[in-house]
Protein chains: 2
Amino acid sequence: MKDVHNVSADADGRLFDPQARAALVQFIGGDDTLAMEAAAAVRTASHAIERMRAQGSENRGLSSGTLDVLLRLSASADGMTIGDLAKSAGVSSRNVTGLVDTLERDGLVQRAPAPHDRRSVLARITPAGQEWIENWRRPTQLAMGAIFRDFTPDDLAQLRHLCLRLADNHHKLTQYLNGAR
Amino acid sequence: MKDVHNVSADADGRLFDPQARAALVQFIGGDDTLAMEAAAAVRTASHAIERMRAQGSENRGLSSGTLDVLLRLSASADGMTIGDLAKSAGVSSRNVTGLVDTLERDGLVQRAPAPHDRRSVLARITPAGQEWIENWRRPTQLAMGAIFRDFTPDDLAQLRHLCLRLADNHHKLTQYLNGAR
DNA sequence: ACTTCATCATGAAGGACGTACATAATGTCT
DNA sequence: AGACATTATGTACGTCCTTCATGATGAAGT
């Protein structure tokens, strides 16, 4: 079986994807490929994580979107409104409505009227939801441990740091764009 | 407007997501949260990149999956088979068939019989496809530059490196699992 | 108080990505 | 020649996500 997957190491001993670089170098001069390569690498990594997570929480019946919402709700004891969930997840509020629908159908989340604003709906995690997460925790932990094999705590912190800087840039950018409109 | 998006800095000056950490700390003891936090951060970053890319190549009509295939094809002058594309992208071959369908409908890619194996189909990028990528390059470069604002070349290389290490782990893992089956 | 405008959740409709299973054509091995 | 594997694709389906429209509610100005 021919192996398409391939990584090489550059002069600093850092990995890069030769295929991605070849595709980029012919269009963009030297330095600017760095950002594109990094972006492609992040995408690949995210896919890998998604795969592992799906494999780990298999048979449990929750998919990426709903899991994302459930995790956010498990973090806030008082629940969150649909709109807040949408903002924090970076997706449309209509989408969150649907995700909460399925979670509610499964009994993992409950809707309640919001105290301050009668237009809003408060989503709150149920005991069944908490339990679901309890069961999800162990295999996921193992899966993440496997995919981050040989990462030092410093590596992990640095990866987190760089990714969040990126997300922060994006957030500021969209805020700026919306403000300028 | 209440701002849900939020990042803080830890003792090392590195960013973290307080909400994600709060959600994790109550389940997992100290050190193991690092991997989960990193995974969540990668997911967030990937979303941000996807957003920027969609915004940059807007009005051009290609979405993430098809763009991924087109980029891979632009890297190999002789074209690639459906199966190889599927392997390198980490998705099912049936999925790639559909993506190549839409690309072919748009005239950006052509199918041809593979010389060595008459079961295989060779997908090759057309001149129109090359041109499409030419037009895509500039806005995307700008978008990536914006989202990676204040990243030093070393930051970018390190981010790429960490992400590819992760992907490499994942690849070895799945290979191991498939071999053991 | 009344009007006007903004915001919230949701209905309706649709696009894109991705999967699993079945199948016909072709390769490979014994 | 026959048994089995592999390749691409048809069929059927699920999930995520979007935009636009709508009814209910809040907020702000007069």
Side-chain angles (χ1 to χ4, degrees), chain A residues 1-2 4 43 46-48 50-51 53-55 57-70 79-87 89-106 109-123 178 181, chain B residues 1-2 4 43 46-48 50-51 53-55 57-70 79-87 89-106 109-123 178 181:
Chain A
M1 161 173 129
K2 182 164 66 175
V4 181
R43 184 165 196 263
S46 171
H47 270 186
E50 205 60 52
R51 274 295 176 93
R53 191 165 72 171
Q55 206 163 18
S57 77
E58 206 171 20
N59 305 330
R60 305 229 158 273
L62 281 201
S63 306
S64 68
T66 49
L67 177 55
D68 199 71
V69 168
L70 189 60
M80 295 174 70
T81 69
I82 304 286
D84 281 352
L85 280 169
K87 273 181 217 148
V91 296
S92 73
S93 96
R94 183 60 186 87
N95 185 20
V96 173
T97 295
L99 298 175
V100 170
D101 279 351
T102 59
L103 285 171
E104 198 174 23
R105 232 193 325 273
D106 292 352
V109 154
Q110 252 187 344
R111 265 182 245 249
H116 309 313
D117 189 334
R118 286 194 314 196
R119 296 168 301 177
S120 294
V121 169
L122 216 61
N178 286 344
R181 183 184 300 159
Chain B
M1 163 172 125
K2 182 163 68 174
V4 180
R43 183 166 198 261
S46 171
H47 269 186
E50 206 59 52
R51 275 294 174 95
R53 190 166 72 171
Q55 206 164 17
S57 78
E58 206 170 20
N59 305 330
R60 305 228 158 273
L62 280 201
S63 304
S64 68
T66 50
L67 177 56
D68 200 72
V69 168
L70 190 60
M80 295 174 70
T81 69
I82 304 286
D84 280 353
L85 279 169
K87 271 180 217 147
V91 297
S92 73
S93 98
R94 183 59 186 90
N95 186 18
V96 172
T97 295
L99 298 175
V100 170
D101 279 352
T102 60
L103 285 171
E104 198 173 23
R105 233 195 322 276
D106 291 353
V109 154
Q110 251 186 345
R111 264 181 246 248
H116 308 312
D117 189 334
R118 285 195 314 196
R119 295 168 302 176
S120 293
V121 169
L122 217 61
N178 285 344
R181 181 184 299 157

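First the proteins, then the strands, lettered A, B, ... as listed; each starts at 1.
- For B:Asp117 and A:Thr66, each mapped to the nucleotide of DNA chain D holding its nearest heavy atom, the one lying further toward the 5' end belongs to B:Asp117.
- Separating the NE2 atom in B:His116 from the CG atom in B:Leu122 is a distance of 8.5 Å, to the nearest 0.5 Å.
- Taking the side chain to side chain contact (heavy atoms under 4.5 Å, CB included) definition, one finds that B:Leu99 meets it with B:Thr66, B:Val69, B:Asn95, sequence neighbours left out.
- Contact of the A:Val121 side chain with the A:Thr81 side chain is not registered, since no non-hydrogen atoms from C-beta on lie closer than 4.5 Å.
- Judged by distance alone with a 3.5 Å cut-off, no donor-acceptor contact links the side chain of A:Arg118 to the base of D:dG26.
- In this structure, B:Leu122 places its CG atom 13 Å from C1' of D:dA8, rounding to the nearest Å.
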Atom pairs under 3.5 Å: protein N/O with N/O of nucleotides 3-6 of chain D:
{"from": "D:dT6", "atom 1": "O2", "to": "B:Arg119", "atom 2": "NH1", "distance (Å)": "2.8"}

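- B:Ser93 meets the side chain to side chain contact (heavy atoms under 4.5 Å, CB included) test with B:Ala86; sequence neighbours excluded.
- Two residues, A:His47 and A:Arg111, neighbour DNA chain C, and the one matched to the more 5' nucleotide by heavy-atom proximity is A:Arg111.
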Kindly indicate, with the supporting measurements, whether the criterion side chain to side chain contact (heavy atoms under 4.5 Å, CB included) is fulfilled by B:Ser64 and A:Arg43. CA-CA 10 Å; B:Ser64 68; A:Arg43 184 165 196 263; 3.4 Å; yes

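- Distance, B:Leu99 CG to D:dT9 C1': 13 Å, rounded to whole Å.
- With rounding to whole Å, A:Glu50 atom CD is found 15 Å from D:dT15 atom P.
- B:Asp117 pairs by the salt bridge (charged side-chain N to carboxylate O under 4.0 Å, His left out) definition with B:Arg119, not counting sequence neighbours.
- Residue order along DNA chain D, read from the 5' end via each residue's closest nucleotide, puts B:Asn95 first among B:Asn95 and A:Ser92.
- Across all strands shown, B:Thr81 has heavy atoms under 4.0 Å from sugar-phosphate atoms exclusively, and none from any base.
- Other residues, nucleotides and ligands contribute over 12 non-hydrogen atoms within 6.0 Å of the CD atom of A:Glu104.
- Note: CG (A:Asp68) to C1' (D:dC17) measures 13 Å, nearest angstrom.
- Checked against salt bridge (charged side-chain N to carboxylate O under 4.0 Å, His left out), B:Asp101 has the following partners two or more places apart in sequence or in another chain: B:Arg111.
- As judged by a 4.0 angstrom heavy-atom cut-off over every strand, B:Ser63 is placed among residues touching the sugar-phosphate backbone only.
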Side chain to side chain contact (heavy atoms under 4.5 Å, CB included) between A:Leu62 and A:Leu103, intermediate numbers included: CA-CA 9 Å; A:Leu62 281 201; A:Leu103 285 171; 3.9 Å; yes

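- Note on A:Ser120: only backbone sugar-phosphate atoms sit closer than 4.0 angstrom, heavy atoms only; bases stay farther off.
- On the nucleic acid side, DNA chain C has its first and last nucleotide under 4.0 Å of a heavy atom of chain B at C:dA16 to C:dG27, going 5' to 3'.
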